[in-house]
Amino acid sequence: MSELRFDQVTVRFGTGRNVLTAVDDVELTVPSGQVVGLVGESGSGKSTLARAAVGLTEQASGQILLDGVPLRHSAGQRRPLQMVFQDPYSSLDPRMTVGDSIAEAVPRSAGGAKHRRQEVARLLGLVGLDADRAAAYPGALSGGQRQRVAIARALAGQPDVIIADEITSALDVSIQGTVLNLVRELQRELHLSMLFISHNLAVVRYVSDFIAVMYLGRIVEVGPARDVLTDPQHPYTKELLAAAPQRGTTSLSEPDPALQAVADAEPADPHHPPAGCRFHPRCPIGPLVLPGREDCLTIDPTTEASRRRHRTACHHAAGALQTVDLSQ
Amino acid sequence: MTTTHGTTHGTTMPGATPPGPGSTGGWRAPGALAAMTTHPWVRFAVRRLGRLVVSVLALVTAAFLMIHLIPGDPVRSALGPSATKSLIDARRESLGLDDPLWLQYLQFLQHLFTGNLGTSITTGLPVSDVIRDRLPATVQLAVGAFLVAVLIALPVGLVLGVLTRAGRRPRTELGFTSTTVILAAIPEFLLAVGLVYVFSMKLGWLPVAGRSNAASYVLPVISLAIGPAAILARICRVELLAVLQTDYLRTARAKRLPAPAIYLRHALPNAVTATITLGGLLLGGMVAGTVLVENVFGWPGLGSTIVSSILAKDYPLVQGVVLVYGVGVLLVNLVVDITLALLDPRSTIRES
Amino acid sequence: MRTKATRARWLAVLRTPVGAGAGILLLGVLLLALLAPILWSDQASAIDTEHLLEGSSASHWLGTDNLGRDIFYRVLVASRTSILLALMATAIAVLTGLALGTAPLLLGRRAGRLVTAVVNVAVAFPGLLLALFFAVVFGVGAKGAVLAIGFAGAPSFARLTQTLAAGVAERDFVAAARIAGVGRFRILLRHVLPNVAEPLVVNATIGAGGALLAFSGLSFLGLGVQPPAYDWGRLMGESLNGIYVHPAAALAPGVAVVIAGLAFNLFGEAVAKGFGVTAVIGPRYRGRTAETVPAAPETPRKSWS
Amino acid sequence: ACSSGSETTSAGGGKPVEGQTLTMALGADPGNLDPQFTSLSVTHQVNWFLYDALVNLDPSGKMVAGLAEKWEGTTTSAKYTLRKGITCADGSPLTPSMVAENITFVGNPANKSTRMGVYVPPGAKATADDAAGTVTVTAAAPDAFLVRNVGGLHIVCGKGMKDRNLLKQGSDGTGMFTVAEAVPGDHYTLNRRKEYAWGPGDFKADQAGLPDKVVLKVVANETTSANLLLSGQVNVVPIAGPEKQRLEAQKLFQRSASTPLGELWFNQKASLPTADPAVRRALTQGLDLAQLGKVITSGTGTPTTSLVAAGMGPCSEDTVTGNLPGHDQEAAKAALDAAGWKAGAGGIREKGGAKLSLVFYYPTSLGPTLQSGAELLQKAWTELGVEVSLKAVSTAEISTVVLAGQGTWHAGLIPLTVSLPSQLVSFLSGTTPPDGSNFSSIKNPGYDAAVAKASSIAGTDGCGDWAAAERALFEQVNVVPFVNSTVPIFGKGATFELSQGSVIPGSIRMLG
Amino acid sequence: MRDLRVTFPGPITPVRGISFTISKGEIVGVVGESGSGKSLTALAVAQLIEPPGQVEATSLSFLGAPLLGRPAVRSTADARRRSLGTSFAMVFQDPMTSFNPTKRIGVQLAEGAREHQGLSRRQAMARAIDRLRAVRVPAAERRAGQYPHEFSGGMRQRAMIGMGLMGAPALIVADEPTTALDVTVQRQVLRLLETIRRTDDVAVLLISHDITVVAQVCDRVMVMYAGRIVEVLPAADLATGASHPYTRALLAAVPDLDTDLDEPLAVIPGRPVDPAHLPAGCAFAARCEFAQDRCRESDPDLVGHGPAHQVACWNPQGDSAWQAAGRRHLGIESIRTGQR
Ligand SMILES: Nc1ncnc2c1ncn2[C@@H]1O[C@H](COP(=O)(O)OP(=O)(O)OP(=O)(O)O)[C@@H](O)[C@H]1O
Ligand SMILES: Nc1ncnc2c1ncn2[C@@H]1O[C@H](COP(=O)(O)OP(=O)(O)OP(=O)(O)O)[C@@H](O)[C@H]1O
Ligand SMILES: [Mg+2]
Ligand SMILES: [Mg+2]
């Protein structure tokens, strides 16, 4: 329905010496009616990006545009962007019935109390819950049910775009499936645009049309889901793919001794991100492994990214330089 | 929240700042100075000192304003409604109250720096002398009671924590809780009177009052210490119970350490931190308790001065006492914070 | 808005022996405070100069004071003043604390941080200092004492509220409400306050016990209630000097203070235990918090319970 | 009848023993020990140990030898002949010129001594004849009790006169003791001078049972003091409050002094309702003074007989009994009606639209009984149709508000303790504050006339006129003294005598 | 271990009769939904269940020595403690909270060695540094002097494993050691366990909720449900040989990189059972597609089902049955109707 665009968005926390750039100059588009999956390791800034979009965090610079218009967040208005949170246990007020929680999100302009009640019943139905559940408190619901309520609440705001931040990672695997199915179903039914955040490539793959990979506050690769998964350009994407457990392969193959230098490297400190390519201390094709790649130490690969396949932020990405058209 | 929290850089311990494994690329090359200023201890000290200075300033200003906040005219209210105008004017003049407020404030600060706290209205002695004479007795009493409270509360709280962990011995727990709640609800002065009755009058074991020999410290210190000790013991137990629930204690058990090692080496230091935080606050409260206890035991301290100076509207003395007392409390808090920082390496970080 | 589960927990609290005992005790104390002056203020103020300063007897259970008034009735009647003042001071502490503690949520970031800083400094100052301050500013009397004890308790309440509210505010349901366009004030009322209510109630209850104790101390010293009004502290101040002559008269107001304080404290403890509240401010040392509020638990990477 | 006392077996039960330490409890810290710059009675007690006066008073109030063995004088001059061999604490002899210097110093208003006007009349000067060993004092104005007054001044020796800072926490006098240690707020230790032989009257240096050391302990709480006495940690304790009863029950050695406590004053500034004698009389009639006295002394008081503290003055005539309006509620009401104060709205009397509303002051420092007394008084006057607001004030406020002011108080319980009728004159007549000390604006020609007559007669010969003066006051209900409190001083392991309410050091006997 | 039970007052029995044996050098995985009793099993094995929890078992022995029952003499108790202290290691789920925050990592590692192996302070510290190196903590010497909060999560988990290696462990029980970690770090840690198993011939009991993780590293997989083992099979057979409906459902519910994008994911309807209200019969019956009356009446035992394969099911399904029946189960309908 609507296109969400992050235009050079930067988010910083703290001040002075303690400043932390959680999201650094991010450029990302969620095309209308499509699902963009955002993956990346913990602390890479995925949630921060999402929170900036819905106005929970202020961005230091850049714009977030909905259909080309900068988003404004003022109380009382319909919020075209809605978010579903990771933890269904903390995203529902334990002191409120789920009906109230959902009703609260129904825009005031839409109608009176009666309308709101009907809307709650409709939404509960939409996410596969009985309407009489509206009177229940979250404590009486299972994790999966709560996550459905959270989704219903997000839908109550009549959003154009939904941001789903790791909505399954707090759930048991057996429940994860039902939520993923629901998300897919609803997205197709309602033609929602969606930013689907997860650290699990397999999950992202299952729901997304596009995949963006984030590392230390930057998008390092973005492209159509299938392309990124089958032809990853950035070494970090490759590492993620390799780490994703694969059924049937009992291989935890020892890393190449040559790669030992980076194999056990720690995640970088976001307060002091490495200069040049942020991934270089861990990069299996970077300066610590292959000599002669000193450019990674100093030159930031994101500047040229748009000219590479999948907008990859890597000097030594496999593919040739080319522009990617997200709206293909 | 995330796995990357607290990685090596920026939080290394004193003296040791070799580059981390991933720093080969020189993505952070802290200079010596930068390392110094970013050192957690330095940062902690700077921040803490800043807070102290702000607090002291607030205190000094409040003490100054106290006299100026008195509705109407402090001199008039000191002298009473029927004082003559000439008398009031003369007094105003001598107190410098006709100067603009900022000038008076500056003068006040200047006097403070020279240790001049003014002259007591009732005795005519310099306030600084009065305080100097009486402060030690109060400090002795409060600190003594604090130490006793801690020495009673920590072992009792810890032992009871261990005994009643995970809902064991519910009856003991009930007894402990009720005892401590009752003890904490008894006003110090009542306790003091009771103790004198039993130990001095009936049994004749201890002196009734005064501050002469070691024996004369026993009752005042105990009557002051028992209430706080009860509170402290309870907090200590609750803390210990919380610590006993932690994963790292399970780790310690998984190491098959003997019970004493588990409790003393692993549980105690962690349980003690919160206890100390509270303890510092209690020490401040104990100084308040001295006011009452000093009265009962004829203790030559500042506590009795506090009350009499207020009742006599001896404002310079009240002001001096407020200042000294406030600074004392701030210092105690400083000591507590430093102790905590020493005991718990995270606190220096956590502060920010 | 109280959920059924909450009501059940309250009932559960009252069903434990400590909870039941404390509940009954507290109810009794409050009823006494309400009724005693209506029932017995005549007996309490009947002057009988023929029987000055007598010990306990059949007609005067606890003896008489130096106007021949019956101490037993005076102790009973004093309950209203004592408890009312303690509750007023607690109300001041709680309201001020709530205002200060929730200010960071309502105000902008900068103003909020300023409030936080002020509270942090204020927490360090003990109540007695404030009591002195108010005694000077407002003059010696119940008004100054109420304000002093109230404001002395406020910073710790503010800090507690702040800690608790911040913990709730960073939970996702608050973020969800904000995304849904709910205003700050409404979020505070509908989401934050109900979720911090229990620890606040517990602390207010225990705080009232502390205030009672503090008040009796101030009145005892002559810095609290001024004659001819009387509360337990003043009764103690009057009769404690005669403790060796008429122990019953001297101890009765003290016992009343202890019992009433106990009622508040025990009730608070029982509720705290029933609700699993660990944030408890030590009674009487309320100027300073025993903050044992656990920090909001870190959300593990993946956890399912 | 100065000191009344009861000697009982349990008090000492032993013979006088040597080398003991006497510990005495003081109710408050004496503060500055300089005898010429203090007005606290507790300091006065301490100074008794450190300094001597020219003349002493025996327990019955009779003048006995002090530093002077002989004295004589008129209303304007006094002459003292010093004893021989008196030495100061540092061993230097006490000379008449030293004594003269003391008197002149205190009498000089420029020196702002607090003892001026109390012992030495303002402007009095003294001359010495060292050879004859005499000191002669000349007063600027007549003083009926000049010899006795000046004779009571504590004499400071030369070093102390030069450096008064020495005296703040030390001593330089001819007294029986010297300060060995001063810990303000806690205790003062005094050592006895073995060479001391010039005690009151026929005191002898080889008296058995004198303590070698005296420890004065500051104990504010009377219960604590009583406990200290009972547990033997203290030998001498003055007790004003309810602990009296307990100690009395123990049958301890006891000497008591009585001081005025129930003294009702009316502010008689023109324009105040209490300026009207009829109102004052009615208000007094409305009170049951006996009952009030009982309340404020917890039943231990004695009826007042004079405005001068009982047993302290040179005169002993009862001027009070029968001269105060008796208790008569109905008469009081009628009198108020007659005075124009008619019952108004809310039962409060009114006159010309103004309510009969009185502010009543009473001191907090004299114990909780005054509070009760005030409440009783409030009740009684309320029944008369008078609105009474009580105001408890500290001693400091009393002296600044009442004694120095002219404002908003109407009546008060303000006990004034004096030991000579002449000391009362400035409070009861003459200029009002701020220039004078007639704080209740009394204008009583009868009193003034009687005083004028009495002042011209030196010594006890004027007693009859002084008594007439007091009676004139009571007739006009200018001031209503009705009860004295007795403050017993208890002793355990020691006996002693009192003079002017203070323990006489030379009378102390330690018992073993 | 035979017939292990863990009981809490209530009475709740979250672990109801578990039997298994782990041999040297073997990695055994335990999977199951949350609350199925995995952690309690691990804790029971490690003798870390505190009263009021109670552990019962017909036999529970480690390296041939019994672990249960109060030893008659003190020395036996000490010996048992020592033996457990040196040859039994435990790695917990949350590396953030499993270290004492007030003690240096090195000290925490050395502590056990000083206690059980009688090493001096210096020796123990040297060994700690050596072990840190062995688990590939870079700059081990400096790291040993740091506090836990200065470690990253993965690093802490490695240090935790290093702590287990201070002695000469025969068995490492790892309770969800990678759950709190990033996928890339997870792989490092799993690799580390693998390496240790290979080089030191240590047995590993690896607990995880994620069947794919277990499948990757383990030799043998035990599937737990409601406090019981419902299926044991070699990890290699997981994809094809699993025959308990629960195992099947678990496998199908987790998407992987090969999941068919056009099909909805498999779903296990309903909720896990509450250990306080166990149904009669098979605990899984209520959620089971193939449940029959018999399933609801009596609880099946764990019985052999081919070599190295045991199943506790009255109605185990073969690969083909699953394929056929499973489809029915995967409709949107099941979502829409909610969870029963
Ligand atoms: N409110 C905040 N204040 C300071 N730092 C923050 C705040 N929120 C997030 N950060 C930091 O910003 C960085 C990015 O965090 P973010 O939560 O966006 O990561 P993420 O990719 O969502 O991680 P995860 O997968 O763990 O959810 C982290 O280093 C985090 O510590
Ligand atoms: N101390 C206890 N008292 C009562 N019940 C308990 C206790 N500890 C655990 N349980 C119950 O035992 C059951 C199994 O718990 P356990 O921790 O072993 O599950 P798990 O399989 O490890 O789950 P997870 O995957 O969440 O770690 C749970 O239902 C839990 O509620
Ligand atoms: Mg996130
Ligand atoms: Mg577990």
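Each chain gets a letter, A, B and so on, in the order its sequence line appears, and its residues count up from 1.
- Remark: of the listed residues Val192(C), Val168(C), Ile187(C), Asn195(C), Asn195(C) is the sole one forming a side-chain contact (heavy atoms from CB on, under 4.5 Å) with Asp93(A).
- Heavy atoms closer than 4.5 Å to chain A are found in the side chain of Arg186(C), but not in its backbone.
- Smallest separation of non-hydrogen atoms from Arg171(C) and Ser90(A): NE-CB, 4.0 Å.
- Counting heavy atoms from C-beta on, the side chains of Met96(A) and His191(C) come closer than 4.5 Å.
- Contact between Gln86(A) and Asp172(C) at its shortest, heavy atoms only, is N-OD2, 4.4 Å.
- We find that Glu198(C) and Arg95(A) are joined by a salt bridge, their nearest charged nitrogen and carboxylate oxygen being less than 4.0 Å apart.
- With a 4.5 angstrom heavy-atom cutoff, Leu56(A) touches chain C via backbone and side-chain atoms both.
- Residues Ser91(A) and Ala176(C) share a closest heavy-atom pair of O-CB, 4.4 Å.
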Between side-chain atoms of residues 16-32 of chain C and protein atoms elsewhere (two or more places apart, or another chain), which donor-acceptor pairs fall under 3.5 Å?
from: Thr16(C); atom 1: OG1; to: Val13(C); atom 2: O; distance (Å): 2.8
from: Thr16(C); atom 1: OG1; to: Gly19(C); atom 2: N; distance (Å): 3.0

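- By the side chain to side chain donor-acceptor pair (under 3.5 Å) test, Gln176(A) is found to be paired with no residue, residues two or more places apart in sequence or in another chain being considered.
- For Gln118(A), the CD atom is densely surrounded, since the number of other residues' heavy atoms within 6.0 Å is greater than 12.
- Contact record, Ile179(C) with Phe85(A): CD1-CZ, 3.8 Å, taken as the closest heavy-atom pair.
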